[in-house]
Structures are given as structure tokens and as C-alpha cells.
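Keep in mind the model is a prediction, meaning the values are calculated, not measured. Lettering follows sequence order; numbering is per chain, from 1.
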Amino acid sequence: MVGMSFLRTAAAFTARLNPLKRTCQASNLLSRTVARTEQVVVRHGSHGKRMFIIKPTDFYDRRFLHLLKYYIILAGIPMAAIVTFVNIFIGESELAEIPEGYEPEHWEYYKHPITRWIARTFYDSPVKDYEKMMALIQIEAEKAEMRQLQLEVRRHMREKGDGPWFQIQTLDKNLIDHSPKSSPDN
Amino acid sequence: MPKDHDKDVYPEPPSRTPVEDRQSSLPNPALILSKLFYYSVDLPVTAFRDIVEGIQSGKRSHYYHQKFRRVPELTQCQEGDYVCYYEAEMQWRRDYKVDQEIVKVIQERLRACQQREGPSYRQNCYKELQQFEQVSKAFQSRYGDLGAYASARKCLMKQKERMMAEQQQA
């Protein structure tokens, strides 16, 4: 402790003695005294002094942004090129009246060539979708009707009892032993 | 080039030939700006368009507007015939879209007319105003407050309410 204060006072003394040689003194880090400033403009022949600037790490942020740009451009440039070439070399379709007796395919109702390609390759035609929906509705309607009918039939069979449902099996009447019944008061 | 707009529906105001009476010898800034715009924007864009059309010439495919057949409406369906309900619902939705587009077209005409005529639009665009009022009243009374989940049944119920109100008034 005493040695520290001795070093500090020595550093302050040397700082005051040598006003010019202040740039690379390690004692400047130790001393708490403010060095009297006579700012001397020093002209370096290089880009200036190399500084070790202490700041929090930007490694993770820069890595993230780099990877983001990389993956976006990896898909972006081919897609942009494809769309540009399709627009220039193939071009959009023109509106025309439907010729007599001709039924256009379902993709011929769209304008842009890429939309047409998607409709031709991947999608079902809207007519087919409509028919699929109507088939589903028909199936569900038939199911609902069947269920209603079943409930009605249950009701009838329970009431009247002459149908095949709700019958409780009893013993065969040939198995009944009638012999004790011939002499009742025995 | 794509088709130009309909000149009967969106007429241009009659042009007046100006009498050149230049009093100053300074260059006309409007002329300078228009020439600047022409050489910097109009010419390159038109040239590019011509090149692209030259590449694409002759290989044009066509697209068509789909025509839908009319199917029985909701009032003509048997009760419990869900397939008929579905077809009527789809037809009603198509008609709803068509009516929305009709209203948009009429609005566009009124807007263009107002832009053309300037401050005296109420007098000069009387026809467009009447048309717009009639069309929007009809749209409001038929499809007005049905909301986002509008359906053919709700529209039919709205019509029933309307008819009942009319009968009560009469």
C-alpha cells in the first residue's frame, strides 16, 4: 500500500517533469493525478495509433445477420432470376373471348404464366373441387337421413314389438315339464 | 400495348388551343420539364417495352373469363336438399362479388367525373351522381348490413323482413 502511493507520487512527479514524453507511459495508467494537458498535435505517418477499443462482443449479432443475408439471397437470387425470365420471355396472356364450341382447360382462366403453371401442375380444377364438395355434402346428408330413419324404426319396434329388434329370448315351451300340473292339489 | 380506357365513359374535356402570347424571353419551364421527363423516363420505358414485346411476339397465349351456368336459387330448393343449398349458396356468393365490382365501377366513374369537372361537378355530372345514388341504395338495401359471414340464407331473411316492412306500410 505504501509502495503503491510511492509509485503514484513518482509517476506524478515524472509526468510533471516531462510534459512531452507522455504518450506511451505505463505509469499513466497507475497515476490518479490528471496530467496537465498541453495538447501537442502529433502528425503520424501512418493511419494513427492502433487502439484496442473495449466494447461488448458483436460476434453473435454479426454472425446472425450474415447467415440471414446468406440464406435469403441463396433462395432469392434464383427466384428473382426465374421470375424475371418468365416475365420477359414468356409474358402474360391476353384476354380473349371463348371460341365457339371450345371448353378451356381450368388453367386457361388465369393471366400470369406462373399462376397458370401452378394451376396446371398442382391444383385440381375448381369444377372438380366443387364436385368433391357436393359429394361430401351428399354423403353427409345420406348419413343424417339414415340416422333419422334408424331412430324412427327403433321407436316403432319398441312400441309395437312385432319386429326383429327388442326381442327378449325366452325358453322353448317344449322344455316345460307339465307333469306336476296335472294334479294340482297334491 | 394494353387496351386504352373507354373514351365514351371517361370522356376527355374539350381541348382549347392556346393563343401563344409570350411576353418574356425566358425559356418556358413547362416545356423544359416535359422534354426532360420525355427523354429520361418515357423514351427508355417505351423502348424497353418494345424490346420485350419483340421477344414475346407471336407466342401469346390467351386467358378467358369463366362463364357459370345459372342453378336453382335458394327459394327453389326442396327443404333438406343440402346439395341444392350448396349450389345456391355458391351462386349467391358469385353474384355478391359481381355486385361489389359493379358498385366499384360506378364509384370510379363518379370519381373521374368529379376530377374532370372540378368545382362545378354537382351540376355537370348529374347523370353519374344519380346512377351512383341509385346503385348504392340498391346495394345497401340488398346486401347492406349482412356482415362478414354473409350467406344466401341471411340475405333471403333480410329480403323477407324488407317485404314484411313494405306490407306493413301499405
Side-chain angles (χ1 to χ4, degrees), chain A residues 81-121 123-149 151-152, chain B residues 1-7 9 44-74 76-98 101-102 104-105 149 151-153:
Chain A
I82 288 174
V83 171
T84 311
F85 285 135
V86 162
N87 275 334
I88 293 184
F89 292 104
I90 299 183
E92 294 182 342
S93 317
E94 274 175 346
L95 186 56
E97 286 294 323
I98 302 182
E100 285 296 322
Y102 174 64
E103 166 96 39
E105 303 281 345
H106 67 273
W107 66 81
E108 288 179 5
Y109 291 112
Y110 298 105
K111 189 161 65 156
H112 197 266
I114 297 183
T115 318
R116 280 165 87 106
W117 175 73
I118 293 174
R120 194 171 66 228
T121 320
Y123 286 170
D124 282 329
S125 91
V127 177
K128 192 171 169 192
D129 281 336
Y130 193 81
E131 299 280 338
K132 282 195 293 204
M133 185 57 133
M134 286 210 291
L136 281 175
I137 290 176
Q138 173 81 355
I139 290 171
E140 291 297 315
E142 281 173 4
K143 272 158 69 173
E145 198 196 323
M146 286 288 150
R147 286 171 190 149
Q148 288 295 324
L149 272 180
L151 285 175
E152 188 72 20
Chain B
M1 298 289 284
K3 261 197 335 207
D4 223 349
H5 56 264
D6 194 351
K7 300 282 188 213
V9 181
V45 167
T46 318
F48 180 70
R49 175 88 199 183
D50 287 335
I51 292 172
V52 167
E53 285 205 337
I55 295 175
Q56 280 176 12
S57 61
K59 286 188 286 182
R60 289 297 209 152
S61 47
H62 297 287
Y63 77 105
Y64 311 102
H65 277 169
Q66 181 142 29
K67 290 196 180 9
F68 292 94
R69 287 198 293 265
R70 299 300 292 184
V71 287
E73 286 185 24
L74 205 52
Q76 296 161 2
C77 280
Q78 296 286 334
E79 185 178 340
D81 186 4
Y82 296 103
V83 179
C84 185
Y85 288 173
Y86 175 72
E87 293 206 73
E89 174 79 33
M90 289 294 121
Q91 186 181 258
W92 181 85
R93 289 214 185 147
R94 291 194 291 266
D95 290 340
Y96 188 24
K97 277 229 162 75
V98 166
E101 293 297 319
I102 290 175
K104 281 186 201 166
V105 166
Y149 298 104
S151 99
R153 295 178 79 108

key: Best-contacting candidate, Lys67(B), Glu87(B), Met90(B), against chain A by heavy atom pairs under 4.5 angstrom   = Glu87(B)
inquiry  = Rounded to the nearest 0.5 Å, what separates atom CD in Glu105(A) from atom OH in Tyr64(B)?
reply    = 10.5 Å
query = Which pair of non-hydrogen atoms, one from Ile55(B) and one from Ile88(A), has the smallest distance, and what is that distance?
reply = CD1-CG2, 4.1 Å
key: Residue-level interface, residues 110-118 of chain A with chain B, non-hydrogen cut-off under 4.5 Å   = Tyr110(A), Lys111(A), Arg116(A)
request  = Identify the heavy atoms of Gln138(A) and Val83(B) that sit nearest to each other, and give their distance.
outcome  = OE1-CG2, 3.4 Å
key: Gln78(B), CD atom: more than 12 neighbouring heavy atoms under 6.0 Å   = no
message = Which atoms of Leu136(A) are under 4.5 Å from chain B, going by heavy atoms: the side chain, the backbone, both sets, or neither?
response = neither
query = More than 12 heavy atoms of other residues, nucleotides or ligands under 6.0 Å from NZ of Lys7(B): is that the case?
reply = yes
ask   = Where does the angle between the aromatic ring planes of Tyr130(A) and Tyr86(B) fall among parallel (under 30°), tilted (30 to 60°) and perpendicular (over 60°)?
value = tilted
inquiry  = For Arg60(B), is the CZ atom crowded, meaning more than 12 foreign heavy atoms sit under 6.0 Å from it?
reply    = yes
task = Select all residues of residues 91-104 of chain A having any heavy atom within less than 4.5 Å of some heavy atom of chain B, and report them by number, or 'none'.
result = Gly91(A), Glu92(A), Ser93(A), Glu94(A), Leu95(A), Ala96(A), Glu97(A), Ile98(A), Pro99(A), Tyr102(A), Pro104(A)
